[in-house]
Amino acid sequence: MKLTKEMISALKINKPDDMVVYLTTSSVNGNSNTSPQFFTDVYMDEFILMPDLFALKTKINLNENRVGIVTIAHPAEGIKWAFKGPCGHVEWGLPDNYDFQGIKAGDILKKWGEWSEREAFSGLPEEIRPTVIAQRGVIVLKVAECYSFDANDSGKKIL
Amino acid sequence: MAKLTPRMKNWLEGLGAHIGTATKKGFPTVIVIETAKVEGDNIVKFQLSDAQVDQIKQNISENPRVSIGPGGLGCIRAAYQFKGGAKLEGKTLVVEVNEIYCTKPGPEAALRLDVLPYESAVKFESTRWKDTGPPK
């Protein structure tokens, strides 16, 4: 599902922590996990990308249940989108032709595998900046559904 | 039993939360609530709209486990994740928190805070964050 220009503009790389989201995943038996993601970008207008930085529980969930939801956390004013769809992680060491939902690991890792080359982590405020950068790969969510989380329209499909 | 610190309470009450629920087979749904009320050591109450109740009532009825991240700026500044059991009382979602994690990116990500002595958890956050809640 293609995102709108407004959504792409909000989620693409701009400056550190300009747009912060939560990624919610779940184990196969329903134990959910909601973790903040400080960096996002958009690929082919329908994939939301996030660097894998110590995403321990998220990856455990994605290894057994490949679905996720991205919700916009900050800035919250007027942007109340939730993006849901197949979600996986493209790790360093996978063959270039490894396929996730139609995209290739080589293409993703070549461009986003060293996220700090595209967006300086040093731009983050000190109290949230990782003390060690050890990017393991890229988390990928293919948007299949977009709904509002505005209180009065919660769950109403936008796309 | 988990015990929320004053800082955790202030951020949840000030800016609400993103609440993850899931079916018992692991299909997730997220709602976002802009405020909360913390009662006692570990009870968090969220007032939902009709639409929000409709969105999660099936999930909660078959699987009460929820995950909670502080809302708005709390996503950045209040690096906690709370997990617990939830029930719907009318339009109020009542969560009994029984796990608290640090979500600060880096080597402390996923560190479990509720298993620390309470004084250690307070000291942990006071050495990492200067504020005691969201900006007024």
Side-chain angles (χ1 to χ4, degrees), chain A residues 17 20-39 51 53-58 60-61 64-77 80 82-84 87 121 124-125 127-134 147-156, chain B residues 15-35 47-56 59 62-83 99 101 103-111 127-131:
Chain A
D17 86 343
V20 183
V21 304
Y22 275 114
L23 173 63
T24 296
T25 59
S26 174
S27 70
V28 75
N29 63 352
N31 192 0
S32 63
N33 193 75
T34 299
S35 69
Q37 306 292 324
F38 298 93
F39 306 96
L53 302 169
F54 302 94
L56 305 175
K57 292 179 182 295
T58 294
I60 291 171
N61 285 348
E64 63 183 32
N65 186 24
R66 294 196 158 193
V67 61
I69 300 176
V70 165
T71 47
I72 307 296
H74 175 76
E77 296 78 16
K80 300 189 177 185
F83 304 96
K84 189 174 194 175
C87 190
F121 293 161
L124 286 172
E127 62 187 15
I128 63 167
R129 187 186 313 147
T131 52
V132 175
I133 303 298
Y147 67 82
S148 169
F149 64 69
D150 179 78
N152 294 322
D153 289 325
S154 193
K156 183 179 179 181
Chain B
L15 293 175
H18 291 228
I19 304 170
T21 71
T23 67
K24 61 184 177 183
K25 292 187 176 180
F27 197 67
T29 296
V30 179
I31 59 171
V32 180
I33 313 296
E34 294 184 354
T35 187
Q47 294 301 316
L48 310 190
S49 68
D50 290 336
Q52 289 165 332
V53 171
D54 287 344
Q55 200 178 348
I56 66 164
N59 286 5
E62 63 182 74
N63 173 24
R65 290 176 294 180
V66 298
S67 55
I68 295 171
L73 196 59
C75 178
I76 303 172
R77 302 285 299 279
Y80 311 111
Q81 181 181 198
F82 308 95
K83 293 193 178 191
E99 299 171 24
Y101 296 90
T103 59
K104 189 175 190 294
E108 291 173 337
L111 180 68
T127 57
R128 284 153 181 82
W129 301 292
K130 298 180 181 72
D131 64 75

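Values below: every heavy atom of this structure, side chains too, minus hydrogens, waters and symmetry copies. What you see is a predicted model, and the numbers here were worked out from it, not measured in a lab. We name chains A, B, ... by the order of the sequence lines, and we start the count at 1 in each one.
Residue B:Phe82: no heavy atom, backbone or side chain, is found under 4.5 Å from chain A. Heavy atoms closer than 4.5 Å to chain A are found in both the backbone and the side chain of B:Thr103. In this structure, chain A has heavy atoms under 4.5 Å from both the backbone and the side chain of B:Ala109. When heavy atoms are compared at a cutoff of 4.5 Å, A:Leu56 approaches chain B solely by way of its side chain, counted from C-beta outward. Using a 4.5 Å cut-off between heavy atoms, A:Ser27 contacts chain B through its backbone alone, with no side-chain atom that close. Residue A:Ala82: no heavy atom, backbone or side chain, is found under 4.5 Å from chain B. The contact between A:Lys84 and chain B is made entirely by side chain atoms (from C-beta outward), counting heavy-atom distances below 4.5 Å. Neither the backbone nor the side chain of B:Glu108 has a heavy atom closer than 4.5 Å to any heavy atom of chain A. Looking at B:Thr29, the atoms closer than 4.5 Å to chain A (heavy atoms on both sides) sit in the backbone and in the side chain alike.
In plain terms, the two heavy atoms of B:Gly26 and A:Val67 that are nearest each other are O-CG1, 4.0 Å. Looking at every heavy atom in both residues, B:Ala22 comes nearest to A:Ser26 through CB-OG, 3.6 Å. The nearest pair of heavy atoms linking A:Phe149 to B:Gln52 is O-NE2, 4.4 Å.
Crowding of B:Glu62 atom CD: a count of heavy atoms from other residues, nucleotides or ligands under 6.0 Å exceeding 12.
The side-chain contact (heavy atoms from CB on, under 4.5 Å) test with B:Pro105 is passed by exactly one of A:Phe54, A:Phe39, A:Phe38: A:Phe38. The only member of A:Val70, A:Ile69, A:Thr34 that meets side-chain contact (heavy atoms from CB on, under 4.5 Å) when paired with B:Val30 is A:Ile69.
Judged by distance alone, the side chain of A:Tyr22 and the main-chain N or O of B:Pro70 form a donor-acceptor pair under 3.5 Å. Looking only at distances, no side-chain donor or acceptor of A:Thr24 sits under 3.5 Å from a matching main-chain atom of B:Gly20.
Residue A:Ser35 holds its OG atom at 7.0 Å from CD of B:Gln81, rounded to the nearest 0.5 Å.
For chain B, the option among A:Lys57, A:Lys156, A:Gln37, A:Lys80 with the highest count of heavy-atom pairs below 4.5 Å is A:Lys57. Per-residue heavy-atom pair counts under 4.5 Å with chain A were compared for B:Gly74, B:Ala110, B:Pro107, and the maximum is reached by B:Pro107. Ranked by heavy-atom pairs under 4.5 Å with chain B, the list A:Ser154, A:Gly155, A:Gly68 is led by A:Ser154. Note on B:Arg65, B:Arg128, B:Lys25: by heavy-atom pairs under 4.5 Å with chain A, the leading option is B:Arg65. Most heavy-atom pairs under 4.5 Å with chain B, from the set A:Ile72, A:Leu53, A:Asn29, A:Asn65: that is A:Asn29.
A 4.5 Å side-chain heavy-atom check between A:Ser32 and B:Pro28 finds every atom pair outside the cut-off.
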A:Asn33 vs B:Lys83, side-chain hydrogen bond (donor to acceptor under 3.5 Å, both in side chains): CA-CA, chis, key distance, verdict: CA-CA 8 Å; A:Asn33 193 75; B:Lys83 293 193 178 191; 3.2 Å; yes
